Amino acid sequence: MSSARFKYVFKYIIIGNPSVGKSCLLNQFLNNRFSDEYEITVGVEFGAKTVNIEDGNKVKLQIWDTAGQESFKSITRGYYRSAAVGLIVYDVTSRDSFENIGSWIKECKQHGNKEMTLVLVGNKIDLENEREVTYEEAEQYANENNMLFFVMSNFMSQYSNYFIIS
């Protein structure tokens, strides 16, 4: 695709613990569909989408979905460097994934550019009866760490308004 088709290119990196829904987030954004089959991400997966912005220009989003397993960190660290946005995803039903956000922030600061915008994304809000992390708790954490904050569900259409990455 030639650069004449879009005015800007932004690289996003999706990070977080294994099984928090990083690949589902990418699939939902790119294809508007949910798959309940879990497939481990090996290393990094890539997707791109061109979107229109308010001023009429087009922006190309390059989205890198990284494996959350410790064994892949040496591979995924190189993808932090030129990322404009780091999406740190946690599972609202997993206290452990929330408690590891600090280590993901540290990864971004050590391996990313100093201008990177960090976004905290609470996933799986359709599983309210299994929730271990409250909205208020996560929102406070995001505020204290100068992060944007969103909640979402890849699964239920009634939550489609929560899938906002802008």
Side-chain angles (χ1 to χ4, degrees), residues 1-31 41-92 94 96-125 133 135-152 154 161-166:
M1 178 180 282
S2 84
S3 62
R5 296 187 187 195
F6 47 86
K7 187 166 184 172
Y8 305 104
V9 177
F10 294 109
K11 180 178 171 184
Y12 283 46
I13 185 168
I14 306 172
I15 56 179
N17 278 21
S19 304
V20 295
K22 298 179 301 293
S23 296
C24 283
L25 186 153
L26 178 64
N27 189 37
Q28 177 72 21
F29 183 68
L30 295 176
N31 306 311
T41 301
V42 178
V44 179
E45 302 224 2
F46 173 77
K49 185 174 186 174
T50 301
V51 297
N52 295 318
I53 56 175
E54 290 178 11
D55 66 3
N57 285 307
K58 293 181 186 249
V59 175
K60 182 175 183 180
L61 303 177
Q62 297 178 337
I63 307 163
W64 298 86
D65 169 23
T66 65
Q69 290 82 358
E70 184 70 34
S71 59
F72 292 113
K73 281 193 177 178
S74 63
I75 296 169
T76 60
R77 285 182 175 138
Y79 292 90
Y80 287 81
R81 283 188 206 108
S82 58
V85 177
L87 299 170
I88 302 176
V89 182
Y90 74 95
D91 175 350
V92 301
S94 168
D96 184 54
S97 71
F98 182 74
E99 290 176 355
N100 283 333
I101 294 167
S103 67
W104 294 108
I105 292 172
K106 184 178 177 184
E107 285 282 314
C108 289
K109 291 184 188 272
Q110 285 180 343
H111 305 289
N113 73 69
K114 61 184 175 192
E115 310 293 319
M116 184 187 296
T117 298
L118 296 179
V119 180
L120 183 60
V121 180
N123 194 17
K124 304 184 186 180
I125 62 171
V133 181
Y135 179 92
E136 295 77 16
E137 178 181 15
E139 182 179 45
Q140 179 180 348
Y141 187 94
N143 288 336
E144 289 171 357
N145 289 279
N146 299 314
M147 302 170 77
L148 299 172
F149 175 58
F150 297 100
V151 295
M152 61 172 283
N154 292 314
N161 291 336
Y162 289 102
F163 187 80
I164 303 169
I165 310 261
S166 59

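Since we're looking at a predicted model, the values are computed, not measured. The first residue of the sequence shown is numbered 1, and numbering continues consecutively from there.
The two residues V119 and M147 make their nearest non-hydrogen contact at C-CE, 4.0 Å. The two residues L120 and A138 make their nearest non-hydrogen contact at CD2-O, 3.7 Å. Between I15 and C108, the shortest heavy-atom distance links the atoms CD1-SG, 3.4 Å. Closest non-hydrogen pair, S97 versus S94, comes out as OG-O, 2.8 Å. The heavy-atom pair separating F149 from G122 by the smallest distance is CE1-N, 4.4 Å.
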Would you sort out whether N123 and V92 count as a side-chain contact (heavy atoms from CB on, under 4.5 Å), showing the intermediate values?
-> CA-CA 6 Å; N123 194 17; V92 301; over 6 Å; no
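Here CG of N52 is found 13.0 Å from CZ of F6. Values are rounded to the nearest 0.5 Å. Interatomic distance, CG of N145 versus CD1 of I88, reported as 8.5 Å (0.5 Å rounding). The structure places SG of C24 at 9.5 Å from CG of D65, a figure rounded to the nearest 0.5 Å. To the nearest 0.5 Å, atom NZ of residue K60 and atom OG1 of residue T50 are 6.0 Å apart. The distance from atom CG of D55 to atom CG of N57, rounded to the nearest 0.5 Å, is 4.0 Å.
Of the possible polar contacts, none joining the N100 side chain to the S103 backbone as a donor-acceptor pair under 3.5 Å is found.
The shortest distance between side-chain heavy atoms of I125 and Y135 does not fall below 4.5 Å. Counting heavy atoms from C-beta on, the side chains of I13 and K11 never come closer than 4.5 Å. Residues K58 and V51 form no side-chain contact, since every pair of their non-hydrogen atoms from C-beta on lies 4.5 Å or further apart. Between I63 and I14 the shortest side-chain heavy-atom distance falls below 4.5 Å. Here the side chains of V59 and V9 are not in contact, with every heavy-atom distance at 4.5 Å or above. In this structure, the side chains of Y90 and V121 stay at 4.5 Å or more apart for every pair of heavy atoms.
Heavy atoms from other residues, nucleotides or ligands lying under 6.0 Å from NZ of K49 number more than 12.
E99 is linked by a salt bridge (Lys or Arg N to Asp or Glu O under 4.0 Å) to nothing, counting only residues two or more places apart in sequence or in another chain. The side-chain contact (heavy atoms from CB on, under 4.5 Å) check on K109 picks up I105, with sequence neighbours excluded. Partners of A84 by side-chain contact (heavy atoms from CB on, under 4.5 Å), not counting sequence neighbours, listed by chain and number: F10.
You'll find the ring centres of F98 and Y141 inside the 6.0 Å limit.
Electrostatic pairing of K124 and D91 counts as a salt bridge here, judged by a charged N lying under 4.0 Å from a carboxylate O.
Donor-acceptor pairing under 3.5 Å is lacking for the side chains of E136 and Q140.
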